[in-house]
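Numbers here are sequence positions counted from 1. Side chains are part of it too, since the values below use all heavy atoms of this structure and drop only hydrogens, waters and symmetry mates. These figures come from a predicted structure and were not determined experimentally.
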Amino acid sequence: MKQSVQAILERFGNTVTIENTDGTSVTVKAFLQPVTSKSVQSMRWEIQPGGEIPIGQYLYIGPAEQQFNSVDYLSMSGGEYIVRRWETIRVRDTDLFVWALCAKSGR
């Protein structure tokens with residue numbers, strides 16, 4: 001399963017640069033796309049209940065080998081994003097990929 005995830009990222013992923021707090025950076029193939037919702041609920045004007053993803057968030061899915069322990073920013077196609085939350089997705093004791101919720105950087 002891990003090889004399938006890696007093959008999908010390599011074939012369809014975008015080039016994303018990950019900038020660490022120590023000033024080093026690494027480039028990976030990953031998905032970094034806006035979180036969208038086309039449901040009627042996304043058109044409400046009142047305050048949303050906790051647990052919903054606010055507009056302006058971006059989803060990152062990348063290789064499991066690149067952990068986000070000391071990541072400051074991600075960049076792709078001239079845009080910069082800050083990592084708000086991340087997790088490593090595991091199946092049967094194997095790290096498959098890293099999932100992260102990001103927002104546009106104000107830097």
Side-chain angles (χ1 to χ4, degrees):
M1 184 182 280
K2 185 172 183 172
Q3 292 86 1
S4 297
V5 171
Q6 290 172 331
I8 289 169
L9 290 173
E10 280 298 317
R11 185 166 181 196
F12 301 108
N14 296 304
T15 301
V16 176
T17 301
I18 300 169
E19 185 179 324
N20 297 303
T21 55
D22 63 4
T24 62
S25 63
V26 64
T27 301
V28 298
K29 288 289 192 170
F31 296 109
L32 181 59
Q33 300 177 336
V35 176
T36 60
S37 175
K38 296 184 182 194
S39 68
V40 174
Q41 290 134 353
S42 68
M43 293 186 261
R44 293 186 293 186
W45 289 91
E46 70 259 11
I47 296 173
Q48 302 297 314
E52 291 191 19
I53 298 173
I55 294 172
Q57 301 295 302
Y58 293 79
L59 176 66
Y60 167 92
I61 295 176
E65 294 74 30
Q66 183 56 50
Q67 298 293 309
F68 280 6
N69 294 329
S70 62
V71 170
D72 266 345
Y73 298 96
L74 305 177
S75 59
M76 181 184 79
S77 301
E80 277 195 335
Y81 308 86
I82 189 164
V83 177
R84 296 196 181 254
R85 178 177 176 237
W86 68 275
E87 292 181 29
T88 301
I89 305 304
R90 295 178 57 90
V91 174
R92 292 183 142 192
D93 297 326
T94 301
D95 294 346
L96 289 185
F97 59 90
V98 171
W99 172 99
L101 187 60
C102 308
K104 282 266 190 178
S105 168
R107 177 166 80 152

Partners passing side chain to side chain donor-acceptor pair (under 3.5 Å) against [X] (at least two apart in sequence or in another chain):
{"X": "Asn69", "value": "none"}
{"X": "Arg92", "value": "none"}
{"X": "Lys104", "value": "none"}
{"X": "Thr88", "value": "Gln67"}

Atom [atom1] of [X] and atom [atom2] of [Y]: how far apart are they, to the nearest 0.5 Å?
{"X": "Phe97", "Y": "Lys2", "atom1": "CZ", "atom2": "NZ", "result": "12.0 Å"}
{"X": "Glu19", "Y": "Ile82", "atom1": "CD", "atom2": "CD1", "result": "10.5 Å"}
{"X": "Gln3", "Y": "Leu96", "atom1": "CD", "atom2": "CG", "result": "9.5 Å"}
{"X": "Thr27", "Y": "Met76", "atom1": "OG1", "atom2": "CE", "result": "13.0 Å"}

Show the numbers, then the answer: is there a side chain to side chain contact (heavy atoms under 4.5 Å, CB included) between Lys29 and Thr15?
CA-CA 5 Å; Lys29 288 289 192 170; Thr15 301; 3.5 Å; yes
Given side chains that start at C-beta, do those of [X] and [Y] come closer than 4.5 Å, heavy atoms only?
{"X": "Tyr73", "Y": "Ser105", "value": "yes"}
{"X": "Leu59", "Y": "Leu32", "value": "no"}
{"X": "Leu9", "Y": "Pro63", "value": "yes"}

Is it the case that the side chain of Asn20 and the backbone of Asp22 share a donor-acceptor pair, with hydrogens and angles ignored and the cut-off at 3.5 Å?
no
Checking Gln33 now: which residues fulfil side chain to side chain contact (heavy atoms under 4.5 Å, CB included) with it, not counting sequence neighbours?
Phe31
Hits for side chain to side chain contact (heavy atoms under 4.5 Å, CB included) against Val83, two or more places apart or cross-chain, chain-then-number order -> Phe68, Val71, Leu74, Trp86, Ala100, Cys102
Locate the shortest heavy-atom distance separating Val35 from Tyr58; write the atom from each residue and the value.
CG2-C, 4.1 Å
If every non-hydrogen atom of Gly62 is compared with every non-hydrogen atom of Ala30, which pair is closest and at what distance?
CA-CB, 3.7 Å
Test side chain to side chain contact (heavy atoms under 4.5 Å, CB included) on Tyr60 and Val98 and set out the steps.
CA-CA 8 Å; Tyr60 167 92; Val98 171; 4.3 Å; yes
